[in-house]
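To find a chain, count down the sequence lines: A is the first, B the second, and so on, and within it residues start at 1.
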Protein chains: 2
Amino acid sequence: MTGQVRTVDGRVAGRRGQATRQKLLDCLSEMLSSSPYRDVKVIDVARKAGTSPATFYQYFPDVEGAVLEIAEQMATEGAGLTQLLDGRSWVGKAGWQTSQELVEGFLEFWRKNDAILRVVDLGAAEGDKRFYKLRMKILNSVNNSLTDTVKELQAKGKVDKDVNPAAMAGSLVAMLAAVASHQRGFQTWGVKQAELKPNLALLVHLGVTGKKPTK
Amino acid sequence: MTGQVRTVDGRVAGRRGQATRQKLLDCLSEMLSSSPYRDVKVIDVARKAGTSPATFYQYFPDVEGAVLEIAEQMATEGAGLTQLLDGRSWVGKAGWQTSQELVEGFLEFWRKNDAILRVVDLGAAEGDKRFYKLRMKILNSVNNSLTDTVKELQAKGKVDKDVNPAAMAGSLVAMLAAVASHQRGFQTWGVKQAELKPNLALLVHLGVTGKKPTK
DNA sequence: ACCTGTCCTGTCATGCCGTCAGCTTACCGA
DNA sequence: TCGGTAAGCTGACGGCATGACAGGACAGGT
């Protein structure tokens, strides 16, 4: 049950319809990366897709609806971020490696989808539950995994008892997301990508294990 | 030279004009916290302020212009965040205290101005230089101070040479800002405010000094 | 009372929104 | 081959926000 694609008025979308729908999504996605969210107009998206506004409204209730769609696609893709943590070690040099790869993968994912992630972030911050859930879905894989890691280390007595695993993991993930979406900002600040990553990795390692990494 | 307040068409604003202007700003500010940025309309702001859209356009070129104005006010106010760090110690128990107070003050400031800060964040992330500069202005006080602290500790050999002070400070500040703007999010995640703060403080302390705090 | 410059609004052209009825196109079974 | 049916698309329209302007209301000074 993948849930058939339907138009707003209930018709099931066929071959051609789905193509148009997808084209609209692609164009919207492109517009989001070239102009402010606030200024994205349905008519522009439609024109760019070589169709009319009315067609847009056949497939999406409004711009927000379409954005949610794009974000949903991205979210499932983003579940792959779990790979960055599944079965990795946090001990010794391997721990440092894990930390670095997490940062690397995370920033890469964010850079690839920055336009849509900005909008999701805003929606979530504004308290919209749908966007909030979506943001969770994306971050949860990483977050849960980190939380578990901290819990384990805590059980072994390697991390202080008064650390709250969920809070720690959440903070680290939030940090990664924030830095990722302001990557350009750091450059103007005089900090280069290459210098940023190891510092982030260091913070992640410190946060998770409570110790400096062995390099 | 505070730079006289002027209308869009160049007249200097008098007593009454400034009052109206301020009222518009207040109403806009209020609207921003109750509805999505994308849906804030000039006409609503004007109505709420008991005036007409035309009046709004006499004082501001558009909604964005007014937002920048509000943000500017907040930015100067936010320079006070420096207090949280000026002349504080990062050694021993005092260091833990400093870290905690920084987190506390930062979150408080963010909570107080969350609506407008969201918009600034979005604008900055979208690459708008004006918003970007504003964000810098707000964060710079804290950021510079943290950078200096790390540099000092590094000079004394208490922090690893391969830590980049600016990158570290920037990451920590970004983390604080991100967590602050998703405070509600954490609650739904099952993390309570009271648990969040000490964990953030711990991360800040770890990042700045490289060591666990003495409590 | 009069003048001057500030302040506000009625009004208007423009352009986007969101909807509908109706036309075209593709598919399918007889 | 030929309708029939459902999918797919669009022109057109009322409604509303935008942004500009001219002109009227108002306050303060003389």
(message) Rounded to whole Å, how long is the line connecting atom CZ of B/R47 with atom C1' of C/dG10?
(response) 15 Å
(message) For A/Y57 and B/R15, find the nucleotide of DNA chain C closest to each by heavy atoms; which residue's nucleotide sits nearer the 5' end?
(response) B/R15
(message) Does B/T51 reach a base, just sugar-phosphate, or nothing at all? Heavy atoms under 4.0 Å.
(response) sugar-phosphate
(request) Look at the side chain of B/Q183 and the backbone N and O of B/A180, then say whether any donor-acceptor pair between them is shorter than 3.5 Å. (result) yes
(message) Rounded to whole Å, please give me the gap between CZ in A/R16 and P in D/dA6.
(response) 17 Å
(message) Nearest to the side chain of A/I43, heavy atoms from C-beta on, is which of C/dT9, D/dG8, C/dC17?
(response) C/dC17
(request) Give one of base, sugar-phosphate or nothing for A/F56, where a contact means two heavy atoms less than 4.0 Å apart. (result) nothing
(request) Let me know the distance between CZ of B/F60 and C1' of C/dC7, rounded to the nearest Å. (result) 14 Å
(message) Can you see if the side chain of B/S52 gets near the phosphate of C/dC8 - specifically, an N or O under 4.0 Å from OP1 or OP2?
(response) no
(message) Using a heavy-atom cut-off of 4.0 Å across all strands, would you classify B/T20 as base, sugar-phosphate, or nothing?
(response) sugar-phosphate
(request) Kindly say whether A/S89 contributes a backbone atom to a donor-acceptor pair with the side chain of A/T98 at under 3.5 angstrom? (result) yes
(request) Could you check how far OH of A/Y59 sits from C1' of D/dT10, rounded to whole Å? (result) 12 Å
(request) For the pair B/E64 and A/R38, find out whether any cationic side-chain nitrogen is under 4.0 Å from an anionic carboxylate oxygen. (result) no
(request) When you get a sec, tell me which of D/dT18, C/dT9, C/dC16 is the closest nucleotide to the side chain of B/A54? (result) C/dT9
(message) Please compare A/R11 and A/P53 by the position of their nearest nucleotide in DNA chain C and report the one closer to 5'.
(response) A/P53
(request) Calculate the interatomic distance between A/E64 atom CD and C/dG18 atom P; express it in whole Å. (result) 11 Å
(request) Taking A/S145 for its side chain and A/S141 for its backbone only, find out whether a donor-acceptor pair lies under 3.5 Å. (result) no
(request) Would you kindly give the CD-to-C1' distance between B/Q58 and D/dA22, to the nearest whole Å? (result) 12 Å
(request) May I have the distance from B/L28 (atom CG) to D/dA17 (atom P), rounded to whole angstrom? (result) 16 Å
(request) Write down the distance between CG (A/D62) and C1' (C/dT19), rounded to a whole number of angstrom. (result) 14 Å
(message) Donor-acceptor pair, distance only, cut-off 3.5 Å: does the side chain of A/D44 make one with the backbone of A/V40?
(response) no
